[in-house]
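Since the structure is predicted, the reported quantities are computational estimates derived from the model, not experimental observations.
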Number of protein chains: 2
Amino acid sequence: MLLSKSCIYALRASVLIASKKNDGFITIRELSDELNISFHFLTKVLQEMTKAELLESYKGPNGGVKLARPANKITFMDVVESIDGNYMINECVLGLPGCGVMKPCALHDQWSVLKTDIINMMNEYNLEAIAKNRELQRSFERKSAQLANL
Amino acid sequence: MLLSKSCIYALRASVLIASKKNDGFITIRELSDELNISFHFLTKVLQEMTKAELLESYKGPNGGVKLARPANKITFMDVVESIDGNYMINECVLGLPGCGVMKPCALHDQWSVLKTDIINMMNEYNLEAIAKNRELQRSFERKSAQLANL
DNA sequence: GTATATTAAGATAAAATAGTCTTAATACCA
DNA sequence: TGGTATTAAGACTATTTTATCTTAATATAC
Ligand code: SF4
Ligand code: SF4
């Protein structure tokens with residue numbers, strides 16, 4: 001797996017937050033219910049995102065979490081790094097310590113190109129765009145469901 | 001990490017085997033020494049490759065392992081699948097069960113392109129090519145070491 | 001046949017990751 | 001002020017991955 005499960009949860013949750021238009025706080029309970037993720041586990045994951053200043057949190061009634069910045073200012077990579085660290089940049093397929101351009105492994109030539117593509121995609125793709133895409137897919141899904149009912 | 005550690009060991013070992021020109025059996029001890037991998041652990045990993053019929057093994061004196069096919073007939077993907085299974089094909093970044101073209105996640109559009117590139121690379125790149133590349137890098141390394149000694 | 005070299009297999013241990021549960025801290029509201 | 005809603009933090013458990021150790025099986029050579 002390219003990303004840890006925690007990281008995937010973080011992504012799913014933050015995309016969901018971004019896709020909720022209102023900019024008030026959303027309870028983690030609401031998120032965990034909708035995503036079918038353990039509430040306590042998701043809480044921990046989102047705590048890390050809060051520490052990384054991608055989310056803001058607020059306690060008590062009407063509390064919850066919300067994006068700390070506009071959704072288009074939080075990239076895929078931001079989320080990944082907040083949970084999994086910057087392993088994408090430092091480590092690699094072969095995970096050889098201290099490897100890289102000067103001391104490449106036998107796969108470096110082929111892999112580094114793909115790796116760069118992944119990094120670029122993660123840096124360019126942001127929560128707003130992902131949420132938009134999600135909405136498109138949903139409406140497409142609804143439409144094909146209607147068609148199937150004919 | 002895209003690949004498990006076992007898988008990385010399998011790759012490193014099989015590339016090393018491929019780069020040894022002789023086609024007799026090579027002891028796992030020799031491989032584990034050269035790669036600095038625990039002998040017992042590597043043994044297990046290579047056992048899986050033997051089961052997957054990528055390697056042949058032979059017990060007793062002059063025994064060891066060797067490639068079951070010519071190095072250019074064993075792809076990067078063959079090795080990966082023998083250890084990590086075909087998760088690359090079935091699973092994904094988000095690892096959502098049952099996802100795919102019909103029910104894509106919000107990242108599918110961007111990710112599937114990169115995923116395909118990775119799969120293609122793994123299918124096209126084989127042990128002979130990787131070993132050749134490794135040799136090139138080694139000789140380059142030797143040359144630059146000589147230069148540094150001037 | 002006995003000793004030796006080697007992989008195969010399984011039992012166990014250690015470490016990393018994932019998940020659960022409990023308590024504390026904070027904020028609101030009545 | 002006291003009760004409730006909510007995140008924060010930490011202890012604990014479970015699972016998976018990685019690593020080690022022991023014993024078995026098999027082949028060779030003398
Ligand atoms: S592909 Fe490059 S960065 Fe990755 S392990 Fe090999 S040398 Fe290191
Ligand atoms: S990118 Fe595609 S294959 Fe991967 S998890 Fe999303 S929908 Fe599934």
Q.
Categorize A:Tyr9 for me: base, sugar-phosphate, or nothing, with a 4.0 angstrom heavy-atom threshold over every strand shown.
A. sugar-phosphate
Q) Under 4.0 angstrom, heavy atoms only, what part of the nucleic acid is B:Ile28 near: base, sugar-phosphate, or nothing? A) sugar-phosphate
Quick one: is [N] close enough that its OP1 or OP2 comes under 4.0 Å of any side-chain N or O from [X]?
X	N	answer
A:Ser38	C:dT20	yes
B:Ser57	C:dA8	yes
B:Lys51	C:dA8	no

Between [N] atom [atom2] and [X] atom [atom1], what is the distance in whole Å?
X	N	atom1	atom2	value
A:Met49	D:dA8	CE	C1'	17 Å
A:Leu46	C:dG19	CG	P	14 Å
A:Glu30	D:dA5	CD	C1'	14 Å
B:Arg29	C:dT7	CZ	P	9 Å
A:Asn36	C:dG19	CG	P	13 Å
A:Leu31	D:dT6	CG	P	12 Å
B:Ile37	D:dA19	CD1	P	9 Å
A:Ile26	D:dT7	CD1	P	11 Å

Run the side-chain hydrogen bond (donor to acceptor under 3.5 Å, both in side chains) test against [X] and tell me which residues pass, sequence neighbours left out.
X	result
A:Glu135	none
B:Ser6	none
B:Asp78	B:Arg69, B:Thr75

(Q) Closest-nucleotide mapping onto DNA chain C: is A:Lys5 or B:Thr50 further toward the 5' terminus? I mean the 5' end. (A) B:Thr50
Q: Report the residues that fulfil salt bridge (Lys or Arg N to Asp or Glu O under 4.0 Å) with A:Arg29, sequence neighbours left out, ordered by chain and then residue number.
A: none
(Q) Base contacts versus sugar-phosphate-only contacts with protein, heavy atoms under 4.0 Å: please encode nucleotides 21-30 of chain D as B, S and - from 5' to 3'. (A) BB---BBBS-
Q. Do A:Val79 and A:Met122 have side-chain heavy atoms sitting under 4.5 Å apart?
A. no
Q) Is there a side-chain contact between B:Phe39 and B:Asp33 (heavy atoms, below 4.5 Å)? A) no
Q.
Listing request: all side chain to side chain donor-acceptor pair (under 3.5 Å) pairs with a residue in residues 37-48 of chain A, at least two apart in sequence or in separate chains.
A. none
